Amino acid sequence: MPLTVLVGTQWGDEGKGRAVDVLSADAGMVVRCQGGTNAGHTVIAGETILKLRLIPSSILRPAVPVIGDGVVIDPEVLLGEIDALSAQGIHCDRLLVSGNAHLIMPYHRVFDRVIERHLGRAQLGTTRKGIGPAYADKAARIGLRVQDLLDMKIFGQKLEVNLKEKNAVLAKVYNQLPLDAKKIIAEYEGYAERLAPYIADTSLAISRALQGGLHVLLEGAQGTLLDIDHGTYPFVTSSQPIAAGILAGAGVGPCAVDRVVGATKAHCTRVGTGPFPTEIEGDIADRLRGVRGELGAEFGTVTGRQRRMGWLDGVLLRYATRLNSLSDVFLSKFDKLSGVGQLKIATAYRYEGEVYDEFPPHQTIFHKCEPIYEELEGWEEDISGARAFADLPAAAQRYVRRVEEIADVPVTWISVGPEREQLVSTATVSV
Ligand code: GDP
Ligand code: IMO
Ligand code: MG
């Protein structure tokens, strides 16, 4: 009963969609476990280009797609996604949606917007999809869950209680118009009817799939440094994108795990505000980012924002190995390093004369530190046609080997382009 966890090791957008498409080739079930419509996972296979928000990135594969307990679901976006896929001939009939997953409500989106505005210069740069406010209500135990859609009477009662408080705060603190309960109930009644056939006990379904010998893949969203506990708080998301959070969101225990794969970009990116020690600007950053509209260019999948660019940060990669118990790295965007010239990887930070070779214990150090770089020889060759490790130039091979030493786990997959077949796999065991 092989269970694989796929986790992002940086600040999101590491190519998790691309990795899941590869790793799910033989999977029986693939599960989204946390986060919500803040995620944007790209899958490219032939002519098909998908930018997925809630539907697992294995949707082009035979695996059963599952949305687990830890996800916050915006039903309008989910149904829109199902319809858009269906219009492309991709059907989600076998989708299972956890009844325990929380619902994103219209007031969550409003709060996300007004709280950000209220924060002014201190704003996080959220995706404005209502993620933080929805998880806040979940923690406060006033959230509405997918299973509430199955009993609209309970749904209405919970909504009334919520709206009383939400509308008062919206009006008195944020100068916003109140939201109308009847309108929301009518809207969610429509969603209830369409979502009902998908609602299931997903933790049980996963357990049965594992017992039946199927390969189950848990698809993380966001990334390790966006984790609410272990990331660059407060510049994080409101869920736990580390492996333990993914397992909790799926409803699976840790001993079931066989493999934890860390999706890692060969360079690093970040969207939104917050510290980023290896950030670079200028020609190399522009080159790595690519041009808006071209395949694989670094513009937000959800918000269209230009992503901030930087060198690979080895300190954070080691941190990700520790936090997630990584067993393998899936290295993406390796083709983008061709022709860049001399390459850099941060191996430690310096702050006020002290050297830190682990993630610093205080936020001020991380905000103000200077990265200490190791320089590596670059290569000029286009490597997007490489399909075996031996096809890579010697300098590219050395870069991969150095990443393995720093991460202290093997780089088992090297992605050399955004498309499905643009891959070098050194996997000795099939996942
Ligand atoms: P995710 O959120 O982790 O799934 O990542 P995104 O889909 O938001 O962003 C990753 C971007 O990199 C997408 O545009 C992918 O098509 C692209 N991409 C993934 N792997 C590669 C690769 O190896 N080379 C190139 N050039 N692009 C890649
Ligand atoms: P995927 O799954 C990159 C970032 C936002 C912001 C912070 C908080 O595609 O890798 P939120 O809306 O979650 O409250 O925003 O987290 N963020 C992401 N950045 N990729 C993502 O998802 C992200 N999801 C959230 O930009 O800085
Ligand atoms: Mg993304």
Side-chain angles (χ1 to χ4, degrees), residues 6-22 32-45 49-54 56-57 71-72 104 108-109 111-113 115-116 123-136 219-228 231-239 241 262-267 269-276 288-290 292-303 305 307-308 330-338 382-384 386 413-424:
L6 186 278
V7 59
T9 65
Q10 295 158 329
W11 279 285
D13 303 327
E14 298 92 345
K16 296 179 295 294
R18 157 110 183 83
V20 167
D21 175 60
V22 169
R32 267 291 305 272
C33 307
Q34 40 66 236
T37 44
N38 46 353
H41 295 181
T42 313
V43 174
I44 302 174
I49 302 179
L50 305 177
K51 295 190 177 290
L52 298 157
R53 311 284 299 282
L54 286 163
S57 301
V71 178
V72 285
I104 293 196
H108 293 139
R109 289 191 301 266
F111 272 108
D112 204 355
R113 191 164 38 80
I115 291 170
E116 279 282 271
Q123 68 173 240
L124 310 183
T126 75
T127 57
R128 311 284 204 275
K129 303 299 173 197
I131 305 297
Y135 277 115
E219 172 177 357
Q222 290 76 51
T224 300
L225 274 302
L226 288 172
D227 186 274
I228 191 162
T232 49
Y233 191 90
F235 303 101
V236 293
T237 190
S238 298
S239 69
T264 305
K265 261 181 197 165
H267 55 87
T269 62
R270 171 160 211 177
V271 258
T273 39
F276 184 180
L288 290 173
R289 183 179 295 114
R292 194 185 282 277
E294 85 184 3
L295 273 190
E298 295 288 359
F299 294 85
T301 312
V302 176
T303 58
R305 287 177 293 178
R307 292 178 183 153
R308 297 159 66 193
F330 185 109
L331 192 67
S332 69
K333 305 218 79 161
F334 200 43
D335 53 305
K336 295 303 286 183
L337 297 186
S338 289
D382 175 358
I383 58 168
S384 60
W413 297 270
I414 306 163
S415 172
V416 292
E419 297 184 39
R420 186 179 268 178
E421 67 282 4
Q422 292 183 301
L423 189 75
V424 171

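None of these values were measured; they are calculated from a predicted model. Numbering of ligands and ligand atoms starts at 1, following listing order. The residues of the chain are indexed from 1 along the displayed sequence.
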Give the atom numbers and elements of ligand 1 that come within less than 4.0 Å of a heavy atom of G17.
4 (O)
Does ligand 1 come near enough to R307 that some N or O of the ligand is less than 3.5 Å from an N or O of the residue?
yes
N/O separation below 3.5 Å, T127 to ligand 2:
yes
Between R270 and ligand 2, find which residue part has any heavy-atom pair under 4.0 Å and reply side chain, backbone, both or neither.
neither
Does ligand 1 have a heavy atom under 4.0 Å from the side chain of R18, from its backbone, from both, or from neither?
side chain
Within reach of ligand 1, part of D13 (heavy-atom separation under 4.0 Å):
both
Minimum distance, heavy atoms only, to atom 5 (C) of ligand 2: which one of G125, G272, G40 is it?
G125
With respect to H41, determine whether any N or O atom, backbone or side chain, lies less than 3.5 Å from an N or O atom of ligand 2.
yes
With V72, which residues qualify under side-chain contact (heavy atoms from CB on, under 4.5 Å), at least two apart?
H102, I104, I131, A134, Y135
Total protein N, O or S atoms, the Mg ion (ligand 3), separation less than 2.8 Å:
2
Say whether R305 and ligand 2 are in contact under the criterion: heavy-atom distance to a ligand atom below 4.0 Å.
yes
Report the part of F235 (side chain from C-beta onward, or backbone N, CA, C, O) that has a heavy atom under 4.0 Å from ligand 2; answer both or neither where that applies.
neither
Could you tell me whether K333 and ligand 1 have an N or O pair separated by under 3.5 Å?
yes
Option nearest atom 18 (C) of ligand 2 (shortest heavy-atom distance, choices L226, V236, N38):
L226
What is the nearest protein non-hydrogen atom to atom 7 (O) of ligand 1, stated with its residue, atom name and distance?
T42 OG1, 2.5 Å
Identity and distance of the protein heavy atom lying nearest atom 17 (C) of ligand 1:
G296 CA, 3.7 Å
Short N or O distance, E14 and ligand 2, threshold 3.5 Å exclusive:
no
